[in-house]
Amino acid sequence: MGDWERTDYCGKLGTNDLEREVVLMGWVQSHRDHGSVIFIDLRDREGLVQAVLNPENSEEVHKKGEAIRDEWVIAIKGKVTKRTPETINPNLQTGEIEVMASEVRILNTSKVIPFLIEDDINVDELLRMKYRYLDLRRPSMKNNIITRHKVAAATRDYLNNEGFLEVETPYLTRSTPEGARDFLVPSRLNPGEFYALPQSPQLLKQTLMISGLDRYYQVVRCFRDEDLRADRQPEFTQIDIEMTFINEDDIMNIVEGMLKAIFHEAKGIKVETPFKRMGHEEAMLKYGSDKPDTRFGLLLQDISHVFVDSEFKVFSGAIKNGGIIKALKVEGKAGELSRKEIDDFTDTAKTLGAKGLAWIRASEGEWQSPIVKFFSEEEKENLQKTLNLSDGDIVFFAADIPHTVNLVLSNLRLTLGERFGMIDHKKFNFLWVEDFPLFDFDHKEKRYVAMHHPFTSPNEEDMELLDEQHGKIRSRAYDVVLNGVEIGGGSIRIYRKDIQEKIFSAIGLSMEEAQDKFGFLLEALEFGAPPHGGIALGLDRIIMLIAGAPSIRDVIAFPKTQKGQCPLTEAPSEVDIKQLLELGIKLDIKDKDKNDS
RNA sequence: GGAGCCGUAGUUCAGCCCGGUUAGAACGCUGGCCUGUCAAGCCAGAGGUCGCGAGUUCAAAUCUCGUCGGCUCCGCCA
């Protein structure tokens with residue numbers, strides 16, 4: 001750089017800067033050498049500007065310019081001039097001006113880059129991650145990172161104004177059972193013992209309420225050692241919130257206000273509040289999902305009652321085995337779906353665990369279907385009454401255990417919604433899902449487990465059921481859902497020891513075990529724990545939705561592959577034997593050979 | 001743990017079904033020409049372990065099996 005100081009960002013220059021002498025520094029986006037005059041698009045964080053290297057102005061500048069290649073880092077001194085009308089580039093933010101270079105300095109060269117620095121490229125994601133610093137030079141990726149910053153800043157501004165304190169909790173903490181697999185960190189000072197990275201600061205934020213901090217938040221990294229998905233990374237960021245002396249409405253008000261502020265600040269999106277609310281039971285019944293996408297209709301119907309005693313064993317048998325039958329009717333679209341498409345839906349249903357996918361197509365007063373011949377007249381009548389089929393309608397059926405039926409049809413619902421353009425992608429439909437069951441029956445372990453977590457307060461109206469019908473107890477938990485994506489969840493917590501003990505007993509946890517696992521929180525509950533509750537929101541998912549990105553990987557600067565590896569840093573890696581010895585760790589690894597390319 | 005799709009110049013892809021000359025295209029790259037381009041243009045050129053391994057065959061990018069890796073999903077994720 002020598003004695004030069006940058007005066008401006010490339011992308012910020014405009015007609016207000018005409019005739020100014022500026023010094024710009026950045027990367028060469030592209031160079032166009034016309035033999036004499038050379039054009040260079042110079043790029044920095046804020047955008048592009050065209051520099052003109054003309055031998056009539058400076059032979060030396062032009063000579064230097066001939067060597068310059070894309071992605072080199074250069075500094076240009078020159079005067080901002082107005083372009084002639086016919087050379088204005090309306091596609092460029094700075095397209096009305098250009099910089100006539102009087103001096104050029106080459107600050108660094110670059111190897112030829114492995115992929116182009118521009119949006120709408122279709123490059124293998126592994127390559128993008130390996131060269132993440134280049135990937136992040138692309139405008140869309142850079143904008144995602146900027147959006148992320150704005151979301152975090154808006155979050156903090158909003159919560160600070162609402163009287164929240166940001167408190168940090170430890171990353172080196174204690175392994176807690178129930179829930180995701182922990183990432184473990186060996187303790188050198190305590191050989192044979194391990195810290196765990198937090199799945200969330202759940203217990204500690206409740207402890208802070210018992211401390212009387214009243215309103216807590218933290219933009220905090222969380223760690224879960226589970227398999228990855230497009231919206232799941234082993235480390236991710238939560239907006240973690242906890243409040244004292246509040247009920248569900250207080251939490252919801254704060255979250256609605258916060259999301260409103262976030263969407264406005266980050267992208268100028270206007271969010272309507274309050275959000276709609278839906279009971280968990282209704283969500284499962286009509287959408288087959290606890291995170292329904294409410295941007296379109298196409299609701300499921302339970303038609304089990306029609307086939308309880310049917311001769312068609314596929315249906316009646318499913319019911320006898322504790323299953324249900326549900327239908328998904330698409331009005332007037334029968335003619336638009338080819339047999340091939342229906343077969344594809346069936347294949348997808350099978351990968352989701354269904355044995356098949358039944359359908360009826362109503363056409364010219366007839367029902368075309370591979371299954372109708374098994375129905376009795378009464379069943380047909382009953383079905384018609386329930387579904388109200390008209391010519392041109394097509395209806396799909398799934399019969400299986402409720403989980404499979406809901407999985408298959410909720411998936412099909414989204415596919416069909418997309419297929420028939422029923423989803424308005426500009427819409428942001430927020431929804432509260434509430435009245436979750438407190439317990440979920442674990443068929444493998446043959447016991448009830450906490451659906452949210454074991455500190456979630458039961459619904460007071462359902463308290464009398466606590467001794468008997470565990471499956472029917474509703475909890476004071478709530479999720480916030482946006483366009484079919486769960487972006488947050490929380491609950492009003494238990495703050496009395498007697499209720500906490502009943503919950504533990506319901507999930508088959510003895511007080512001794514409970515003491516061992518969450519002892520400090522149980523003890524804290526005995527020292528004047530106030531009523532409290534909170535929520536945690538997935539920051540990455542919120543940004544993904546705002547940015548319109550297909551995966552949270554696109555809004556994380558340095559994400560990991562599905563195998564949990566970072567192609568840039570090559571983490572995780574083997575470590576020196578000396579490090580293991582210090583930690584008292586001996587490895588026992590089978591088939592460690594890697595014969596990859 | 002399971003299912004599906006994918007892996008061929010630097011990049012994105014075609015070729016693979018139906019095995020058979022020197023594995024093609026576009027973009028990028030290199031060199032030359034060119035004073036108004038902005039995805040510059042024109043001419044010329046270089047560039048390949050067809051992911052890896054084994055098998056079948058006279059012959060494999062192509063068929064078979066295995067394996068590694070990427071992505072999507074199921075399980076898992078209180």
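Because the structure is predicted, anything quoted here is derived from the model rather than measured. Note on naming: letters A, B, ... go to the chains in the order of the sequence lines (proteins, then strands), and numbering restarts at 1 for each one.
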Considering every strand and a 4.0 Å limit on heavy-atom distances, what is the contact class for [X]: base, sugar-phosphate, or nothing?
X	value
Arg128(A)	nothing
His31(A)	nothing
Asn89(A)	base
Asp41(A)	sugar-phosphate
Val123(A)	sugar-phosphate
Thr87(A)	base
Ile121(A)	nothing
Glu486(A)	nothing

Give the nucleotide from the list [options] with an atom nearest to the side chain of [X].
X	options	result
Gln565(A)	G69(B), U35(B), U37(B)	G69(B)
Val112(A)	G28(B), U37(B), U72(B)	G28(B)
Asn122(A)	U37(B), U12(B), C29(B)	U12(B)
Ala180(A)	U35(B), C77(B), G36(B)	C77(B)
Leu116(A)	G70(B), G28(B), C71(B)	G28(B)
Met100(A)	G36(B), G70(B), C38(B)	G36(B)
Lys563(A)	G1(B), G70(B), A40(B)	G70(B)
Phe39(A)	U37(B), C74(B), C27(B)	U37(B)
Arg83(A)	C77(B), C38(B), C73(B)	C38(B)

Counting just side-chain N and O atoms, does Ser30(A) come under 4.0 Å of either OP1 or OP2 of C38(B)?
no
In whole angstrom, give the distance that lies between atom [atom1] of [X] and atom [atom2] of [N].
X	N	atom1	atom2	result
Asp124(A)	U12(B)	CG	P	6 Å
Glu125(A)	C6(B)	CD	P	18 Å
Asp225(A)	G75(B)	CG	P	18 Å

Looking at the base of [N], is there any donor atom on it, or on the side chain of [X], that sits under 3.5 Å from an acceptor on the other one?
X	N	answer
Arg232(A)	C77(B)	yes
Arg229(A)	G75(B)	yes
Asp227(A)	G75(B)	yes

Check for me whether the distance between the ring centres of Tyr171(A) and Phe223(A) falls short of 6.0 Å.
yes
Any donor-acceptor N/O pair, Arg181(A) side chain to Asp225(A) backbone, under 3.5 Å
yes
Evaluate the ring planes of Phe455(A) and His453(A), with Trp represented by its six-membered ring, and classify them as parallel (under 30°), tilted (30 to 60°) or perpendicular (over 60°).
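The rings of Phe455(A) and His453(A) sit tilted, inter-plane angle from 30° to 60°.
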Going by purine N1 to pyrimidine N3 plus the second Watson-Crick contact, or the G-U wobble pair, all under 3.5 Å, which nucleotide sits opposite A46(B)?
none
Would you please name every residue forming a side-chain hydrogen bond (donor to acceptor under 3.5 Å, both in side chains) with Thr87(A), sequence neighbours left out?
Thr84(A)
Polar-atom pairs under 3.5 Å, protein N or O versus N or O of nucleotides 31-34 of chain B: list them with distances, or write none.
residue, atom, partner, partner atom, Å
G31(B), OP2, Arg69(A), NH2, 3.3
C34(B), N3, Asp33(A), O, 3.2
C34(B), N3, Gly35(A), N, 3.2
C34(B), N4, Gly35(A), N, 3.4

Determine the interatomic distance between C1' on A60(B) and the same-named atom on G19(B); round to the nearest Å.
6 Å
